[in-house]
Amino acid sequence: MGQPSHAQRDWWRSAVIYQVYVRSFADGDGDGTGDLAGVRARLPYLAELGVDALWFNPWYLSPMKDGGYDVADYRAIDPAFGTLAEAEKLIAEARELGIRTIVDIVPNHVSDQHPWFRAALAAGPGSPERDLFHFRAGRGAHGELPPNDWPSQFVGSTEPVWTRLPDGEWYLHLFTPEQPDLNWDHPAVRREHEDILRFWFERGVAGVRIDSAALLAKDPALPEFVAGRDPNPFVDRDELHDVYRSWRRIADEYGAVFVGEVWLPDTERFTRYLRPDELHTAFNFAFLSCPWDAGRLRTSIDETLAEHAPVGAPATWVLCNHDVTRTVTRYGRTDTGFDFAAKEFGIPTDLELGTRRARAAALLSLALPGAVYLYQGEELGLPEAEVPVDRIQDPMHFRSGGSDPGRDGCRVPLPWLADAPHAGFGSGQEPWLPQPAGWASYAADRQQGDPDSVLRLYREAIRLRPVFGDGPLTWLPAPEGVLALAREDGAVCVVNLGGEPCELPPHRAVLLTSGPLDGGRLPSDTAAWLTA
Ligand code: NOJ
């Protein structure tokens, strides 16, 4: 085989990447849980959608205390999803269709059922097995207080990040007690993860998503966390960059790429992870959190491009994922931004408005320079579901004392067939989360035949997207509340976020619109792609 062409090598710079939450994608064996068989059966759908890669949320052996982000064995597929052999087949079959695979590595913590943690519990205080984690004596006369009061990484949780064992020691878990944090100062932890990376690269995966990528390193003195005081004892520590430099050398051997889950408000600190010898890309949470407001979106886009330019990394554009409120719901509310702290039950939502905006936002993000992430169901315009309280499984809900609805509302099993049981998610048992009434009306088969559906819009937009080329973005003059951008030698995208219809800028042809034009004018909450 010859050298890969430039376009093949740099696919990730402008890819459309589809996120598969396996548990809720398609149930191939009828047990109510999505699985690899379900994904394999739907690969033609994904190919027809036109995506370049699939990012799979963790599919490893897991007690599922946090949707698979509690991994018991990074080299085994959870039996609810399938087998390693099936994963290998899936990776190969997808590649045949021109679709690459990205797996999700969770390096900050493991499951409490992971052999390392079980061994650490059995070995007792002072043992080398415990050195792989953060075990400490407590404070107080009898060690009855946790070693410190670091805040939980589940926003809204008031639960401590330390759990005490019968032998008196405490262990650290930034998330649930079933997710003990690893000690990244330990060489065995580093070696193990380098080996896990190779394991998946050897199986043909083209990339790795890094969970909680800025949290791994901890100040070993475990000082108290004080808001605003640098350095933070557990977020974004300088030592981390050395870890990612060694990971990059491994990825380069395989031509594979990273996308980091790096939630950091400080953009300069954020882009340090994207230096040429570190991660290739990171999720753009600023864009994901941005309200539906022309000025705010334009600033978010400008800042994103400006901060990525010096390190030469491409931007990513993300509207939602398995942790946040689905886009059509968010945009149908008074507060159209996303903030974990603002989540609550029963927020009034105008889904018709939200859907119109989400369609326009799809055309906006697909017109921007960089890679676009699409979360399963986004292409169907699925709203956030209100999961009945007695069916909620997400630990975020429980750890908030029940005030936060949690993240299950964006994880409800997909509707595939309007007229089949469980909307075609699977033909056997009830799906693991209930599908709300009316879910079937979003079914992929129904949307397939409807030229005005969200699915057809996404398909058409992904097909046409190359008309934007790979040149830089320039803003065109536009009325208040309207965004108009052109790509060098490419097409133009206009989005009307104002209250009144607006004129389209001079153009040769209208390529695609997110909704009908109004006598040649662009209605509010609508986007158009034009050739200049
Ligand atoms: C981020 C993941 O996206 C989320 O789902 C998970 O709960 C935490 N990291 C902990 O792994």
Side-chain angles (χ1 to χ4, degrees), residues 17 19-25 34 55-72 74 78 102-114 117 133 150-157 159 161 172-182 184 193 196 207-216 218 234-236 240 258-264 273 279 281-285 288-289 316 318-326 338 340-341 343 373-378 384 387 392-400 404-412 433:
I17 300 165
Q19 179 188 350
V20 181
Y21 194 78
V22 180
R23 205 179 183 187
S24 302
F25 185 74
W55 150 34
F56 290 94
N57 288 100
W59 55 14
Y60 320 106
L61 184 69
S62 165
M64 301 284 161
K65 297 290 182 197
D66 180 20
Y69 284 93
D70 46 323
V71 180
Y74 293 83
D78 194 274
I102 296 174
V103 294
D104 202 329
I105 295 291
V106 188
N108 180 67
H109 42 267
V110 295
S111 159
D112 62 351
Q113 298 307 309
H114 188 284
F117 193 71
F133 300 89
W150 287 356
S152 169
Q153 286 308 289
F154 280 141
V155 179
S157 166
E159 302 284 324
V161 296
L172 175 71
H173 49 84
L174 292 180
F175 296 92
T176 71
E178 294 86 6
Q179 293 165 294
D181 280 44
L182 287 166
W184 274 86
H193 280 83
I196 293 166
V208 164
R209 180 254 188 198
I210 308 169
D211 186 65
S212 306
L215 299 182
L216 282 47
K218 314 285 175 344
F234 62 91
V235 182
D236 183 33
L240 262 177
F258 292 116
V259 54
E261 189 207 16
V262 183
W263 291 86
L264 288 180
Y273 291 83
L279 308 184
T281 54
F283 294 118
N284 188 347
F285 292 117
L288 178 151
S289 311
T316 65
V318 190
L319 293 171
C320 70
N321 66 26
H322 66 294
D323 289 331
V324 307
T325 309
R326 280 199 178 271
F338 177 76
F340 281 109
K343 286 174 64 190
Y373 279 83
L374 183 56
Y375 173 48
Q376 68 180 39
E378 204 175 345
E384 184 84 359
V387 176
I392 293 180
Q393 301 212 12
D394 182 18
M396 204 163 188
H397 167 70
F398 301 106
R399 296 188 72 76
S400 72
D404 185 324
R407 301 163 295 182
D408 289 343
C410 66
R411 300 174 177 180
V412 170
L433 281 177

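Just so you know, ligand 1 is whichever comes first in the structure, and atom 1 is the first atom listed for that ligand.
Not counting sequence neighbours, the partners of E159 by the side chain to side chain contact (heavy atoms under 4.5 Å, CB included) test are S157, R399. For W59, the side-chain hydrogen bond (donor to acceptor under 3.5 Å, both in side chains) test picks out no residue, with sequence neighbours left out. S400 meets the side chain to side chain contact (heavy atoms under 4.5 Å, CB included) test with S403, D404; sequence neighbours excluded.
Residue-level contacts of ligand 1 at the 4.0 Å heavy-atom threshold are D66, Y69, H109, F154, F175, R209, D211, S212, E261, H322, D323, R407, R411.
Using the six-membered ring where Trp is involved, H322 and Y69 have ring planes that are parallel, under 30° apart on the 30 and 60° scheme. Ring planes of F285 and F283: tilted class, angle from 30 to 60°.
Shown here for H109 and S212, the closest heavy-atom pair between the two residues is CE1-OG, 4.3 Å.
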